[in-house]
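Notes to accompany the following structure.
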Amino acid sequence: MMFGIVQSEIIKFKHTFSMKLILFAPFVTLLLGYFLSGSSIQYAAYNWWCTMIFPMIISIWCSDIIKKEKNTEFQNILCLPTDLGKIWIGKNIAIIIFLFVANFFMWIGCTVFGYFTTVNITPLNGIAGCIFLFLTSIWQVPFIMFLSDKIGYLPAILLSFAANVLLFSVGVGKTCFFLNLYAIPARIVCPFFGIYPNGLLLENDSPLWNTDCIIPAVIISLFLAILILAASTILFSRRKYYE
């Protein structure tokens, strides 16, 4: 049942701009890295990906999947015999799959470009950084979807993207960075990409090379993702009572 729901949600994106972003977003990021940094393309591309491009596509995908339903006043799903909670979870899984695939393509692109320019970040560090970036960003999926449902497509995108850009690096160098969910991805990718959130290289004695905080940060992010998903699922499943 859930597989069919997820498959249906993915099909809804077929031949849309949002689907093209899976390849287009990493490609544009790599071009930016190349034109702005030349042989240091990996540093620049991964930095652009973490701070700007990835947050943008999260916002677009999560808002777009809700916009498609709001265009029909949710009639396409309200009339289904399937529990609304399962549909909501299916939508979340579909977006999470998109995010994983986009990060995979980003890693492939950065690795290939690195061998044609300069390998600043090893393939192992690259894939580790992308995976941890993905895992610590999952909580945004149900949050932005719920936000889009309540305040609309464009406001949700702008608010989410602004929060990512403004809060991404706040408190990264402090031990209490866990209190800022947006800063967790910025902090735990530092040891793998070897750069600060502002794109500057980490010094050899920088405390941001420390990897001890990674597992706790991932656990916190995933726990909150489950919590937000559970809460938003309950709220969405009640839609039939007030629509």
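Atoms considered below: every heavy atom in the structure, side chains included; atoms not considered: hydrogens, waters and symmetry mates.
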- Heavy-atom pair of closest approach, residues Ile5 and Ile87: CG2-CA, 4.0 Å

- Task: Could you identify which residues cluster with Val119, counting Ile, Leu, Val, Met, Phe, Trp and Tyr as linked when any side-chain heavy atoms lie under 4.5 Å apart, either directly or through a chain of such contacts?
- Result: Tyr115

- Query: Same cluster or not: are Val112 and Ile121 linked, directly or through other Ile, Leu, Val, Met, Phe, Trp or Tyr residues, by side-chain heavy atoms under 4.5 angstrom apart?
  - Reply: yes

- Keeping to residues at least two apart or across chains, list the side chain to side chain donor-acceptor pair (under 3.5 Å) pairs with something in residues 174-199. Tyr196-Glu203, Tyr196-Ser206

- Task: Give the C-alpha distance, both sets of side-chain angles, the deciding distance and a yes or no for side-chain contact (heavy atoms from CB on, under 4.5 Å) between Ile195 and Leu202.
- Result: CA-CA 5 Å; Ile195 51 178; Leu202 290 180; 5.6 Å; no

- For Phe236 and Leu84, what are the C-alpha separation, side-chain angles and deciding distance, and is it a side-chain contact (heavy atoms from CB on, under 4.5 Å)? CA-CA 7 Å; Phe236 187 78; Leu84 289 180; 4.3 Å; yes

- Non-hydrogen side-chain atoms of Ile151 and Leu159 separated by less than 4.5 Å: yes

- Under a single-linkage definition using a 4.5 Å side-chain heavy-atom cutoff for Ile, Leu, Val, Met, Phe, Trp and Tyr, are Ile215 and Leu181 assigned to the same hydrophobic cluster? no

- Query: Looking at CG of Leu158 and CG of Leu154, how far apart are the two atoms once the value is rounded to the nearest 0.5 Å?
  - Reply: 4.5 Å

- Item | Side chain Thr16, main chain Phe13, donor-acceptor under 3.5 Å | yes

- Item | Validation row: Phe161, Met52 side chains within 4.5 angstrom (heavy atoms) | yes

- Message: Within this structure, what is the CD1-CG distance for the pair Ile41 and Asn120, rounded to the nearest 0.5 Å?
- Response: 10.0 Å

- Note on the structure: Between Cys62 and Ile95 the two heavy atoms that sit nearest each other are SG-CG2, 3.8 Å

- Query: Per the ring pair (Phe, Tyr, Trp, His ring centres under 6.0 Å) rule, which among Phe132, Tyr43, Trp209 passes with Phe192?
  - Reply: Phe132

- Taking C-beta and beyond as the side chain, do Phe193 and Cys50 meet within less than 4.5 Å on heavy atoms? yes

- Close side-chain approach of Phe134 to Ile96, heavy-atom, < 4.5 Å: yes

- Side-chain heavy-atom pair Ile58, Ser160 within 4.5 angstrom cut-off: no

- Task: Group every Ile, Leu, Val, Met, Phe, Trp and Tyr by side-chain heavy-atom contacts under 4.5 Å, then state whether Phe54 and Phe17 land in the same group.
- Result: yes

- Task: May I have the step-by-step check of side-chain contact (heavy atoms from CB on, under 4.5 Å) for Val141 and Ile144, ending in yes or no?
- Result: CA-CA 6 Å; Val141 175; Ile144 299 173; over 6 Å; no

Which donor-acceptor pairs under 3.5 Å do side chains of residues 216-233 form with protein atoms, sequence neighbours excluded?
from	atom 1	to	atom 2	distance (Å)
Ser221	OG	Ala217	O	3.0
Ser232	OG	Trp88	NE1	2.9
Ser232	OG	Ile228	O	2.9
Ser232	OG	Leu229	O	3.1
Thr233	OG1	Leu229	O	2.6

- For residues Phe168 and Pro185, report the shortest heavy-atom separation together with the two atoms involved. CE1-CB, 4.4 Å

- Task: Identify whether Trp61 and Val165 are in the same connected component of the hydrophobic contact network (ILVMFWY, side-chain heavy atoms under 4.5 Å).
- Result: yes

- For the atom pair CD1 (Ile93) and CZ (Phe3), what is the distance rounded to the nearest 0.5 Å? 11.5 Å

Under 3.5 Å, sequence neighbours excluded: what are the donor-acceptor pairs made by side chains of residues 97-109?
from	atom 1	to	atom 2	distance (Å)
Asn103	OD1	Trp49	NE1	3.0
Asn103	ND2	Leu99	O	3.0
Trp107	NE1	Thr111	OG1	3.3
Trp107	NE1	Pro123	O	2.8

- Kindly compute the distance separating CD1 (Ile184) from CZ (Phe178), expressed to the nearest 0.5 Å. 6.5 Å

- Rounded to the nearest 0.5 Å, how far does CG of Asn92 lie from CE of Met145? 4.0 Å

- Who passes side chain to side chain contact (heavy atoms under 4.5 Å, CB included) against Ile157, sequence neighbours left out? Met56, Ser59, Ile60, Ser63, Tyr153

- By side chain to side chain donor-acceptor pair (under 3.5 Å), Gln140 pairs with (sequence neighbours left out) Asn164

Please report, to 0.1 Å, the donor-acceptor pairs under 3.5 Å made by any side chain of residues 19-34, with sequence neighbours excluded.
from	atom 1	to	atom 2	distance (Å)
Thr29	OG1	Ala25	O	2.7

- Excluding sequence neighbours, so at least two apart, what forms side chain to side chain contact (heavy atoms under 4.5 Å, CB included) with Ser8? Lys12

- Item | side chain to side chain donor-acceptor pair (under 3.5 Å): pairs with one or both residues in residues 122-139, sequence neighbours excluded | Thr122-Asn125

- Item | Linked, directly or transitively: Phe35 and Trp48 (ILVMFWY side chains, under 4.5 Å) | yes

- Message: Could you work out, with side chain to side chain donor-acceptor pair (under 3.5 Å) as the rule, every residue matching Ser18, not counting sequence neighbours?
- Response: Asp64

- Residue pairs fulfilling salt bridge (Lys or Arg N to Asp or Glu O under 4.0 Å) with at least one residue in residues 91-112, sequence neighbours excluded: Glu9-Lys91, Glu69-Lys91

